[in-house]
Engineer: 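Below you'll find the structure I mean.
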Amino acid sequence: MAKLAVAKKVGIPVPSPMPTDVTHLVAYYGTPGFTPDYAQTARIAIPLADVPRQTVNGVSHFVFDTAQLPASTGSAVDLYFTLADATDSEEGDFSPVVNVPFDRTPPTRLAAPIIL
């Protein structure tokens, strides 16, 4: 079996100022073209303390690793994000969609080696 590329990471800009009651980053995922719904089960809520951050061009971003998604045989996944609070389970509006393609094409397989 071929070793394929590492899962991609997605950066979501951190709001400024950051609301004090926010406790989770929520990722909604599905096949390309899906419409997110707050009641859908295809979602991952991650405590903000567990979400890495990275600064890109002076802007702080939450980093979501697509390796956290369930295994998929599709060629891509659409992701939407919200911020949520644990107090009363409120969530903000959905972010714009990001489409993450999966690279499933392995490099060319080598022919059988020979002894020279």
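Values below: every heavy atom of this structure, side chains too, minus hydrogens, waters and symmetry copies.
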Engineer: What are the two closest non-hydrogen atoms of Asp93 and Tyr38, and how far apart are they?
Structural biologist: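 Nearest pair, atom of Asp93 first, then Tyr38: CA-OH, 3.6 Å.
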Engineer: Could you work out, with side chain to side chain donor-acceptor pair (under 3.5 Å) as the rule, every residue matching Thr66, not counting sequence neighbours?
Structural biologist: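 None.
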Engineer: Per the ring-ring contact (aromatic ring centres under 6.0 Å, His included) rule, what does the pair list look like for residues 39-59, sequence neighbours excluded?
Structural biologist: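 Those involving residues 39-59 do not exist here.
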Engineer: Show me the donor-acceptor pairs within less than 3.5 Å that the side chains of residues 52-63 make with the rest of the protein, sequence neighbours left out.
Structural biologist:
from	atom 1	to	atom 2	distance (Å)
His61	ND1	Val59	O	2.9

Engineer: Which ILVMFWY residues can you reach from Leu116 by hopping between side chains whose heavy atoms are under 4.5 Å apart?
Structural biologist: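 Leu116 shares its hydrophobic cluster with Ile114.
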Engineer: Can Val98 be reached from Val77 by stepping across I, L, V, M, F, W or Y side chains whose heavy atoms are under 4.5 Å apart?
Structural biologist: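 Yes.
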Engineer: With salt bridge (charged side-chain N to carboxylate O under 4.0 Å, His left out) as the rule and sequence neighbours excluded, what pairs involving residues 22-42 come up?
Structural biologist: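 Pairs touching residues 22-42 that pass the test: none.
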Engineer: Nearest heavy-atom pair of Ala76 and Pro101: which atoms, and what distance?
Structural biologist: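 Scanning both residues, the minimum pair turns out to be CB-CA, 3.9 Å.
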Engineer: Is there a continuous path of hydrophobic side-chain contacts, each under 4.5 Å between heavy atoms, that joins Val51 to Val26?
Structural biologist: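 Per the 4.5 Å side-chain linkage, Val51 and Val26 are not co-clustered.
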Engineer: With sequence neighbours excluded, what pairs up with Tyr28 under the ring-ring contact (aromatic ring centres under 6.0 Å, His included) test?
Structural biologist: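 Scan of Tyr28 (ring-ring contact (aromatic ring centres under 6.0 Å, His included), adjacent residues dropped) gives Phe94.
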Engineer: Going by ring-ring contact (aromatic ring centres under 6.0 Å, His included), name the pairs with one or both residues in residues 95-116, residues two or more places apart or in two chains.
Structural biologist: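 Counting only pairs at least two positions apart or across chains, no ring-ring contact (aromatic ring centres under 6.0 Å, His included) contact touches residues 95-116.
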Engineer: Can you name the side-chain contact (heavy atoms from CB on, under 4.5 Å) partners of Pro113, sequence neighbours left out?
Structural biologist: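 Pro113 satisfies side-chain contact (heavy atoms from CB on, under 4.5 Å) with no residue once adjacent residues are dropped.
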Engineer: Any salt bridge (charged side-chain N to carboxylate O under 4.0 Å, His left out) pairs touching residues 38-47, not counting sequence neighbours?
Structural biologist: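 Found Arg43-Glu91.
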Engineer: Is there a path of hydrophobic side-chain contacts, each under 4.5 Å between heavy atoms of I/L/V/M/F/W/Y residues, joining Leu83 to Ile46?
Structural biologist: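 In one cluster with Ile46: Leu83, yes.
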Engineer: Sequence neighbours excluded, which residues qualify as side chain to side chain donor-acceptor pair (under 3.5 Å) partners of Asn99?
Structural biologist: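 Partners of Asn99 under the side chain to side chain donor-acceptor pair (under 3.5 Å) test: Asp78.
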Engineer: Does Ala67 have any side-chain contact (heavy atoms from CB on, under 4.5 Å) partners at least two apart in sequence or in another chain, and if so, which?
Structural biologist: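 Testing Ala67 for side-chain contact (heavy atoms from CB on, under 4.5 Å), a comparison that skips the adjacent residues, returns Ala7, Asp65.
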Engineer: In the structure I gave you, are the side-chain heavy atoms of Leu69 and Leu79 within less than 4.5 Å of one another anywhere?
Structural biologist: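 Yes, their side chains come closer than 4.5 Å.
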Engineer: Indicate, with yes or no, if Phe81 and Ile44 share a hydrophobic cluster defined by side-chain heavy-atom contacts under 4.5 Å among Ile, Leu, Val, Met, Phe, Trp and Tyr.
Structural biologist: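 Same cluster.
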Engineer: Treating Ile, Leu, Val, Met, Phe, Trp and Tyr as nodes and any side-chain heavy-atom pair under 4.5 angstrom as an edge, say whether Leu25 and Val14 lie in one connected cluster.
Structural biologist: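 Yes, it is one cluster - the side chains of Leu25 and Val14 are joined through contacts under 4.5 Å.
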Engineer: With sequence neighbours excluded, give me every side-chain hydrogen bond (donor to acceptor under 3.5 Å, both in side chains) pair touching residues 10-26.
Structural biologist: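 Passing the test, one end in residues 10-26: no pairs.
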